[in-house]
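Note sheet for the following structure.
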Amino acid sequence: MRLATWNVNSVRARSDRIVEFLKRSDIDVLAMQETKVADAKFPTDPITNLGYEIAHTGLNQWNGVAIASRVGLADVMTQFPGQPGFAEPAVAESRAISAICAGVRIWSLYVPNGRELSDPHYMYKLGWLDKLKDYAAGVLSDDPQAPVALVGDWNIAPLDEDVWDPKLFVGHTHVSQPERQALAALTDTGFSEVTRAHTPGPGTFTYWDYTQLRFPKRQGMRIDLAYASPALAKRVAGAWIDRDERKGKGASDHAPVIVEFE
DNA sequence: ATGACGATTGCGAATCGA
């Protein structure tokens with residue numbers, strides 16, 4: 001099974017590119033983030049015409065996550081258990097969706113940005129990740145052999161080499177110790193990140209800011225990641241980043257990340 | 001070895017992203 005995760009930065013603006021990517025890359029399951037659309041306005045036809053089923057959750061123009069699958073789409077969940085909302089009183093956001101595709105429980109995740117270390121959004125981010133970790137631990141507690149994938153835009157660069165200039169990020173989100181610790185806590189449950197071994201750094205990125213010629217200057221961040229449960233991690237045959245998808249007019253600021261499972 | 005920010009709402013400027 002070939003699984004891709006891609007922050008598309010608006011599914012409506014990216015519809016043609018998504019179709020071309022699915023065809024070009026022979027994708028079985030595509031996890032999308034930042035669809036930026038309410039469910040009723042999701043442009044399903046260009047994707048379903050290719051033979052995919054779609055599950056989406058989007059409340060408004062913010063966030064929004066989806067899964068498109070041509071290998072089955074069963075038992076859809078639109079939140080993980082305990083998933084926090086933002087602020088007080090908590091407002092639910094569309095940041096997680098899941099389905100079983102070809103026997104694998106796949107999650108498309110859009111982790112909160114955090115904005116600034118002093119912003120309430122940052123604590124929301126850490127709490128959200130803590131609850132996600134609890135869910136992941138629970139899944140493996142129930143069935144240590146469960147095939148589960150947690151993929152998406154994590155808004156965290158796990159290593160200093162995952163940003164083009166670590167000095168510029170000191171004191172900002174995406175590189176802070178608590179954020180990285182949150183990913184370490186996830187791996188402590190048994191899940192592991194499966195793309196890095198096949199896409200080594202330094203200088204390997206999945207996101208490049210639209211401004212300041214970041215892409216041609218190769219100044220990006222690695223923040224789109226794929227975690228797999230122990231049983232699923234054993235099935236990884238390869239992984240790559242479709243950097244070419246970031247080129248040209250009408251590109252998302254993120255590139256797709258693809259994982260091949262045996 | 002790529003190209004100077006883009007999407008949404010709503011019709012201009014504000015918000016968000018990272």
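Treat the numbers as computed from the prediction; the structure is a model and nothing was measured. Residue numbering restarts at 1 for every chain, and letters A, B, ... go by the order of the sequence lines.
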Give the rounded distance in Å between these two atoms: NZ of A:K217 and P of B:dC5. 10 Å

Considering only residues two or more places apart or on different chains, which pairs with a residue in residues 176-185 of chain A satisfy side-chain hydrogen bond (donor to acceptor under 3.5 Å, both in side chains)? A:Y122-A:S176, A:K125-A:E179, A:D160-A:R180, A:S176-A:E179

Check A:S94 against A:T57 and note the closest heavy-atom contact, atom names and distance. CB-O, 3.2 Å

Taking CD1 from A:I223 and P from B:dA18, how many angstroms apart are they, rounded to a whole number? 6 Å

Can you name the closest pair of heavy atoms from A:L73 and A:V76 and give their distance? CG-CG2, 4.4 Å

In residues 161-179 of chain A, what residues come within less than 4.0 Å of DNA chain B, judged by heavy atoms? A:H174

Can you confirm if the aromatic rings of A:H121 and A:Y124 lie within a centre distance of less than 6.0 Å? yes

Base, sugar-phosphate, or nothing: which does A:G248 touch, judged by heavy atoms less than 4.0 Å apart? sugar-phosphate

A:W6 six-ring face occupied by A:R17 cation (under 6.0 Å, within 45°): no

Are the charged groups of A:R2 and A:E260 less than 4.0 angstrom apart, N to O? yes

Check: A:L126 and A:D130 side chains under 4.5 Å, non-hydrogen atoms: no

Find the distance A:Q219:CD to B:dA4:P and express it as a whole number of Å. 14 Å

Contact residues, residues 83-94 of chain A to DNA chain B [heavy atom, < 4.0 Å]: none

Taking the basic N atoms (NZ, or NE/NH1/NH2) and the acidic carboxylate oxygens, is any pair closer than 4.0 Å for A:D162 and A:R196? yes

Report yes if a side-chain nitrogen or oxygen of A:R218 is closer than 4.0 Å to either non-bridging phosphate oxygen (OP1 or OP2) of B:dA1; otherwise report no. yes

Interatomic distance, A:K249 NZ vs B:dT2 C1' [rounded to whole Å]: 15 Å

So, using side chain to side chain donor-acceptor pair (under 3.5 Å) as the criterion, who are the partners of A:S229 when residues are at least two apart? none

A:E262 with A:K234: basic N within carboxylate O range, under 4.0 Å: no

Do nucleotides 7-17 of chain B as a string where each nucleotide becomes B, S or -: B if the base has a protein heavy atom under 4.0 Å, S if just the sugar-phosphate does, - if no protein is that close. SSS-----BSS

Would you kindly compare A:Q212 and A:F215 by the position of their nearest DNA chain B nucleotide and give the one closer to the 5′ end? A:F215

Please give the distance between the C1' atoms of B:dA7 and B:dA18 as a whole number of Å. 15 Å

Inter-nucleotide P distance (B:dC16, B:dG10), Å rounded: 15 Å

Strictly by side-chain hydrogen bond (donor to acceptor under 3.5 Å, both in side chains), give each pair with a member in residues 65-79 of chain A just once, sequence neighbours left out. A:D26-A:R70, A:D28-A:R70

